Engineer: 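Quick one: structure below, then a few questions.
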Number of protein chains: 2
Amino acid sequence: MTTTGAGFRSTAEEQRERITVAALGVFADKGLHATPVADVATAAGVSPAYVFRLFAGKVGLFVAAVDRCYEQVAQVLSTAVRAGAAEDPAARLDAMTAAYVELIRDRSLIMIQVHAQSACDVPEVRDAVHRGLARVVETVTRDSGADPVAVQRFLAYGQLCHLVVQADLDPADGGWAQTITAGIAHAP
Amino acid sequence: MTTTGAGFRSTAEEQRERITVAALGVFADKGLHATPVADVATAAGVSPAYVFRLFAGKVGLFVAAVDRCYEQVAQVLSTAVRAGAAEDPAARLDAMTAAYVELIRDRSLIMIQVHAQSACDVPEVRDAVHRGLARVVETVTRDSGADPVAVQRFLAYGQLCHLVVQADLDPADGGWAQTITAGIAHAP
DNA sequence: GTGGTTACTGATCGGTCAGTCACAAAGCAG
DNA sequence: CTGCTTTGTGACTGACCGATCAGTAACCAC
């Protein structure tokens with residue numbers, strides 16, 4: 001490294017970055033236990049050995065991806081409310097809801113959350129989920145100005161969103177599916 | 001079998017039953033991919049080989065457990081509304097919500113649902129989730145008499161319940177955790 | 001050049017686990 | 001008893017996969 005300054009990102013750090021992004025996409029498909037590290041390595045264009053060198057085992061890699069996921073989610077929600085000119089808390093929450101539903105288009109951010117919840121028996125994953133939820137809840141609360149009850153409702157419908165995406169629910173599946181997916185656009 | 005009559009359950013069928021129950025409990029801990037079939041076999045007191053004889057592979061076993069789970073959930077909700085003397089749909093939904101929250105005590109039925117959602121990339125699992133959701137939604141809709149919007153809200157908060165249980169959220173974790181868990185008693 | 005650090009990989013190992021198969025034991029029919 | 005069916009298992013295997021390690025290539029300082 002030529003210019004070693006504070007905050008400079010070495011090539012290794014860049015790779016960690018790229019691999020984390022790749023991991024988010026790959027883990028989103030099948031989750032922690034059903035995804036070989038080799039798949040992530042291939043997607044990132046490096047060897048599996050190098051992935052293990054840059055991350056603390058498979059779990060460390062997964063945690064990095066989950067952290068990144070929640071980071072992005074918080075950012076999306078924050079951006080959504082700043083972009084809109086909504087004044088009252090309810091309208092701001094609506095803007096956030098719309099933005100979250102929009103996330104369905106790229107399913108990765110949604111799906112990896114479900115996989116992370118499912119892998120909460122692994123302590124490191126559980127901690128990452130806690131960190132992520134704290135971040136999201138605090139972001140939503142602060143940026144929307146809504147009361148806790150409204151924020152909780154926002155989160156509940158977010159979870160319903162996860163179910164729709166993960167189980168690939170389609171209103172055409174019947175009345176029960178329409179009940180679940182109502183208001184949640186399902187664009188394939 | 002001595003008395004072969006219609007509807008009679010052979011010993012093999014009884015074992016299938018016992019193994020399914022054991023599977024529900026064991027899979028609830030770590031999910032499909034992180035649970036060896038041997039663990040289920042041990043819990044059921046049979047050999048792994050026999051489990052493979054009675055079920056169509058590991059996935060078949062998991063699906064049986066998931067089906068059983070949704071069956072029990074639907075039954076619990078149905079019973080709750082029949083037991084109470086609630087007359088209007090809203091009160092009946094409240095009774096169901098209370099019953100569902102009560103399910104947290106035995107975390108198995110909640111946790112296996114999250115694991116099943118996470119394993120929806122396996123077609124058989126996805127189908128089982130669809131079957132289960134259809135059953136639950138139809139039961140709730142019929143027995144509560146509530147409109148689809150109210151039923152959807154019931155489901156959304158049910159999903160929030162899953163998150164609380166799976167991530168082992170505790171109000172003591174901070175304000176964010178209180179926001180999420182408000183109204184959902186967390187009895188350890 | 002030489003010495004040192006860093007980026008990266010091929011080869012491999014050890015363990016786990018889904019699934020199979022040949023076989024045993026128990027019941028029952030005749 | 002003999003033969004057939006059903007319940008049940010021990011022993012095995014083939015494949016996969018997480019993790020390691022020795023080693024190579026590139027870059028840089030001097």
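Only heavy atoms go into these numbers, but all of them, side chains included; no hydrogens, no water, no symmetry mates. From a predicted model like this one, the values you see are computed outputs, not experimental measurements.
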Engineer: Between B:Arg16 (CZ) and D:dT7 (C1'), how many Å, whole number?
Structural biologist: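 Value for this atom pair: 12 Å.
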Engineer: Between the protein and nucleotides 8-10 of chain D, list the N/O to N/O atom pairs that are separated by less than 3.5 angstrom.
Structural biologist:
{"residue": "D:dG8", "atom": "OP1", "partner": "B:Gln15", "partner atom": "NE2", "Å": "3.3"}
{"residue": "D:dG8", "atom": "OP2", "partner": "B:Gln15", "partner atom": "NE2", "Å": "3.4"}
{"residue": "D:dG8", "atom": "OP2", "partner": "B:Tyr50", "partner atom": "OH", "Å": "2.6"}
{"residue": "D:dG8", "atom": "N7", "partner": "B:Arg53", "partner atom": "NH1", "Å": "3.0"}
{"residue": "D:dG8", "atom": "O6", "partner": "B:Arg53", "partner atom": "NH1", "Å": "2.6"}
{"residue": "D:dT9", "atom": "OP2", "partner": "B:Ser47", "partner atom": "N", "Å": "2.9"}
{"residue": "D:dT9", "atom": "OP2", "partner": "B:Ser47", "partner atom": "OG", "Å": "3.2"}

Engineer: Is the backbone of B:Ala74 close enough, under 3.5 Å, to the side chain of B:Arg135 for a donor and an acceptor to pair up by distance?
Structural biologist: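 No.
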Engineer: As a quick check of understanding, evaluate side-chain hydrogen bond (donor to acceptor under 3.5 Å, both in side chains) for B:Thr20 and B:Arg16, giving each step before the final call.
Structural biologist: CA-CA 6 Å; B:Thr20 301; B:Arg16 228 188 298 263; over 6 Å; no
Engineer: Tell me if a side-chain donor or acceptor on A:Thr181 pairs with a main-chain N or O of A:Ala177 at a distance below 3.5 Å.
Structural biologist: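 Yes.
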Engineer: Strictly below 4.0 Å, N to O, side chains only: are A:Arg131 and A:Glu71 in salt-bridge contact?
Structural biologist: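 A salt bridge is absent here (no side-chain N lies under 4.0 Å from a carboxylate O).
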Engineer: Salt-bridge test for A:Asp143 and A:Arg92: reply yes if a basic N is under 4.0 Å from a carboxylate O, no otherwise.
Structural biologist: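 Looking at A:Asp143 and A:Arg92, the cut-off is not met.
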Engineer: Does A:His130 reach the main-chain N or O of B:Ala167 with its side chain, forming a donor-acceptor pair under 3.5 Å?
Structural biologist: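 Indeed, once roles are kept as given, a pair shorter than 3.5 Å links the two residues.
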Engineer: Taking the six-membered ring for Trp, are A:Tyr100 and A:His162 closer than 6.0 Å centroid to centroid?
Structural biologist: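 For A:Tyr100 and A:His162, the ring centres are under 6.0 Å apart.
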Engineer: Is any side-chain N of the basic residue among A:Asp168 and B:Arg126 closer than 4.0 Å to the acidic one's carboxylate O?
Structural biologist: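 Salt bridge: yes.
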Engineer: Identify all pairs in which a protein N or O lies below 3.5 Å from an N or O of nucleotides 16-18 of chain C, and state each distance.
Structural biologist:
{"residue": "C:dA18", "atom": "OP1", "partner": "B:Lys58", "partner atom": "NZ", "Å": "2.9"}
{"residue": "C:dA18", "atom": "OP2", "partner": "B:Val37", "partner atom": "N", "Å": "3.0"}

